[in-house]
Number of protein chains: 2
Amino acid sequence: MTRRPGIDEVARLAGVSKSTVSRVLNGAPHVSARARDAVRRAVIQLDYTPNQAARSLAGHRANAIALVVSEPSGRVLADPFFAGVMRGVHAELTGHRTQLVLMMSQPGDVGSYLTGGHVDGALVISLHGHDPLLSLLHDNGLPVVAGGRPLAGGPVPYVDSDNFTGAMDATEHLISLGSKRIATIAGPTDMAVGLDRLSGWRRAMSGRRTDLVAYGDFTPEGGASAMTTLLTRDPELDAVFVAADIMALGALQVLHAHGRRVPDDVAVVGFDDSVPAVPPLTTVRQDVERFGRMLTWRLLAEIEGDEGLPPSVLLPTSLVVRTSA
Amino acid sequence: MTRRPGIDEVARLAGVSKSTVSRVLNGAPHVSARARDAVRRAVIQLDYTPNQAARSLAGHRANAIALVVSEPSGRVLADPFFAGVMRGVHAELTGHRTQLVLMMSQPGDVGSYLTGGHVDGALVISLHGHDPLLSLLHDNGLPVVAGGRPLAGGPVPYVDSDNFTGAMDATEHLISLGSKRIATIAGPTDMAVGLDRLSGWRRAMSGRRTDLVAYGDFTPEGGASAMTTLLTRDPELDAVFVAADIMALGALQVLHAHGRRVPDDVAVVGFDDSVPAVPPLTTVRQDVERFGRMLTWRLLAEIEGDEGLPPSVLLPTSLVVRTSA
DNA sequence: AAAACTTCTGGGAGCGCTCCCAGAATCCGC
DNA sequence: GCGGATTCTGGGAGCGCTCCCAGAAGTTTT
């Protein structure tokens, strides 16, 4: 490993001072074209890369943001939703010389690291219940944006999909198909995404029986056991709104095992448009990559201290009709 | 944002010198119990967190490793395989005060950042063809471990699943079931994982016709179009070994659309044991979390400069028989 | 009891940048 | 043409740590 050149070697080669090299590197004003070119050439010739550590130390900036997955189990990592968000985050980050540091938070352990100035801001997703992480970070002055509305409320801006409307649309579609006994497999009740999709279902179901509710945890297994419960409670049910495609996968397996044909016997609508299934799922699409980009854009703006930002953003969803309903 | 306490404030409060505080923080020897306790108390009282930037700068250590996803498309992020690996990586990292920096590499852009001393080592996964990234990093003296055997060979240690044997087992299972016309949907030919699984199929098929091969790119869509091709080439085929569950999902959709029952008309075996499907897939299981842990352990050992390490590791696979074959 | 270690401790020189300040060069208006 | 504003440039003081060195304190050996 050959020693890396430092900024003064670049300065020497370019025939200018460290200060000028620094200015060029950071795109600061007040640099003559001649100096700029000389520095650029020297940088290339030496294959110079600035040392991030020194930069952070001197510049009081970490040049990194954290993506905090507030879920000990790591369940969310396996979720296609998360993968899409991450792609979006990454897309928005390119060109910003900002690194992405991934953290999985076991409640209580991550706070001091984050507020310790190691990152310039944090994206927190998959937040459960009244996790104090968000307010902890916010109170410490760290720019934070939540992915998904935080149940606890509070001053932290968030980006979310319009889960309520999406769920309502999905359920209305089921109703328009003539389904009579419409059940739902809802998400966890300690997350807004679970609650909101359930509310959407309830809203669309007003005037009908709304007792066919079972809960899953956004895993295929959870969807499967919820489906089993529902089938026991009402063997005659003829439709299910499943609050996540990933749970629908499990539900479909159970339905199949119980000899129900989809959509003939039981119509199924999912949410997310994230997985291919047999039969292809009618589902509510959300643009997860856009979600990730929005999240990141919002955080970077927060870090820059931009004014007049929307406190929070709600992204639209759309129903995609395929064969499962 | 209140100013963070520095190491000298801790030193003052504990009544010792900066040097001693530093020793305690880094678990260095030659510190009296009295001094150690005093420092520990001061750290807690001040809620002190060391500044990583300063630490890296002074210590010539970044305290971070990179997980490089060598795939511009970001396809791999949506793969459950990747999610599992990441969980493993994270699990192995806890307790190592080492951060995980995620990078997606567009060929050529990542090298200089990585060799620039911003990370202590790199995990490179989803490597295609003869991507020079690996040798670039290695030649620059950066500890690297590849996830999946690099096609280009070379001196870089890797961790891989025993794809060859797994594929062979899967195919032999199909043969033992009495299938006569066994096709395969193989992975990309510019990745060892694609090649090795294909070789396993070929090996098991020796003595039979091996022309029923179509290629996919480890996406459901790729699996679907490969299945369509195969069905056109031989409408009578009665079994398929699909080199990834995620592709099997697409293949299943196509089989269903073409009126083929699984497993009655066409038996299907997948690889990865990563997705629930209808019908439940017979597949080759690999322990992806273990894969990630192994990868990380190997890299950390490499960074520590441990001697006598196995150059590479091959993890076993096992056939899980369910209903699709 | 002195010599020779060993354990512990503090001082202080960097690590490679950024950014403030002050000075040099260049520009402008009247 | 000359003062004043403006653009450019270099010097150098940190940023908050680690780690080397040398000295103090304590232990063992001869």
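Below, chains carry the letters A, B, ... as their sequence lines are ordered, and counting in each starts from 1.
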Which of the following nucleotides, [options], is nearest to the side chain of [X]?
{"X": "A:His30", "options": "C:dG16, D:dT18, D:dT7", "value": "D:dT7"}
{"X": "A:Val16", "options": "D:dG10, C:dG12, D:dC17", "value": "D:dG10"}
{"X": "A:Ser17", "options": "D:dC17, C:dC17, D:dG10", "value": "D:dG10"}

What nucleic acid atoms does [X] come within less than 4.0 Å of, heavy atoms only: base, sugar-phosphate, or nothing?
{"X": "B:Arg61", "value": "sugar-phosphate"}
{"X": "A:Ala35", "value": "sugar-phosphate"}
{"X": "B:Asp8", "value": "nothing"}
{"X": "A:Ser19", "value": "base"}

Integer-rounded Å distance: [N] [atom2] and [X] [atom1]:
{"X": "A:Lys18", "N": "D:dG11", "atom1": "NZ", "atom2": "C1'", "answer": "9 Å"}
{"X": "A:Arg4", "N": "C:dG16", "atom1": "CZ", "atom2": "C1'", "answer": "14 Å"}
{"X": "A:Arg55", "N": "C:dC19", "atom1": "CZ", "atom2": "C1'", "answer": "13 Å"}
{"X": "A:Asp37", "N": "D:dC8", "atom1": "CG", "atom2": "P", "answer": "13 Å"}
{"X": "B:Arg12", "N": "C:dG10", "atom1": "CZ", "atom2": "C1'", "answer": "15 Å"}
{"X": "A:Leu57", "N": "C:dC17", "atom1": "CG", "atom2": "P", "answer": "12 Å"}
{"X": "A:Ile7", "N": "D:dG10", "atom1": "CD1", "atom2": "P", "answer": "12 Å"}
{"X": "B:Leu25", "N": "D:dG16", "atom1": "CG", "atom2": "C1'", "answer": "12 Å"}

OP1, OP2 of [N] versus side-chain N and O of [X]: anything below 4.0 Å?
{"X": "B:Ser32", "N": "C:dT9", "result": "yes"}
{"X": "A:Asn51", "N": "C:dC15", "result": "no"}
{"X": "B:Thr20", "N": "C:dT9", "result": "no"}

- Residue from A:Asp120, A:Leu114, A:Ile303 passing side-chain contact (heavy atoms from CB on, under 4.5 Å) with A:Leu142: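 Among A:Asp120, A:Leu114, A:Ile303, the one meeting side-chain contact (heavy atoms from CB on, under 4.5 Å) with A:Leu142 is A:Leu114.
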- Given that B:Pro29 and B:His60 both sit by DNA chain C, which one's nearest nucleotide is further toward the 5' end?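 Comparing both residues, the 5'-ward one is B:Pro29.
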- Item | Residue closer to the 5' end of DNA chain C, B:Arg34 versus B:Ala54 (nearest nucleotide) |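 Comparing both residues, the 5'-ward one is B:Arg34.
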- Query: Are the side chain of B:Asp306 and the backbone of B:Glu302 linked by a donor-acceptor contact shorter than 3.5 Å?
  - Reply: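 No; zero donor-acceptor contacts below 3.5 Å.
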- A:Leu136 backbone acceptor or donor facing A:Asn140 side chain under 3.5 Å: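 The answer is yes, because a donor-acceptor pair under 3.5 Å joins these two groups.
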- Task: Please report the shortest heavy-atom distance between B:Arg298 and B:Pro157, naming the atom on each side.
- Result: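 Taking every non-hydrogen atom into account, NH2-CB, 3.5 Å.
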- Start with the C-alpha gap between B:Leu134 and B:Val124, add the side-chain angles, then the distance that decides, and say whether side chain to side chain contact (heavy atoms under 4.5 Å, CB included) holds. CA-CA 8 Å; B:Leu134 234 41; B:Val124 180; 3.8 Å; yes
- B:Phe291-B:Phe81 aromatic ring centre distance below 6.0 Å: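 That pair passes the under 6.0 Å test.
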- Message: Check this for me: does the side-chain of A:Arg23 come within 3.5 Å of the base of D:dG10 through a donor and an acceptor?
- Response: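 Under the 3.5 Å cut-off, the side chain and the base do form a donor-acceptor pair.
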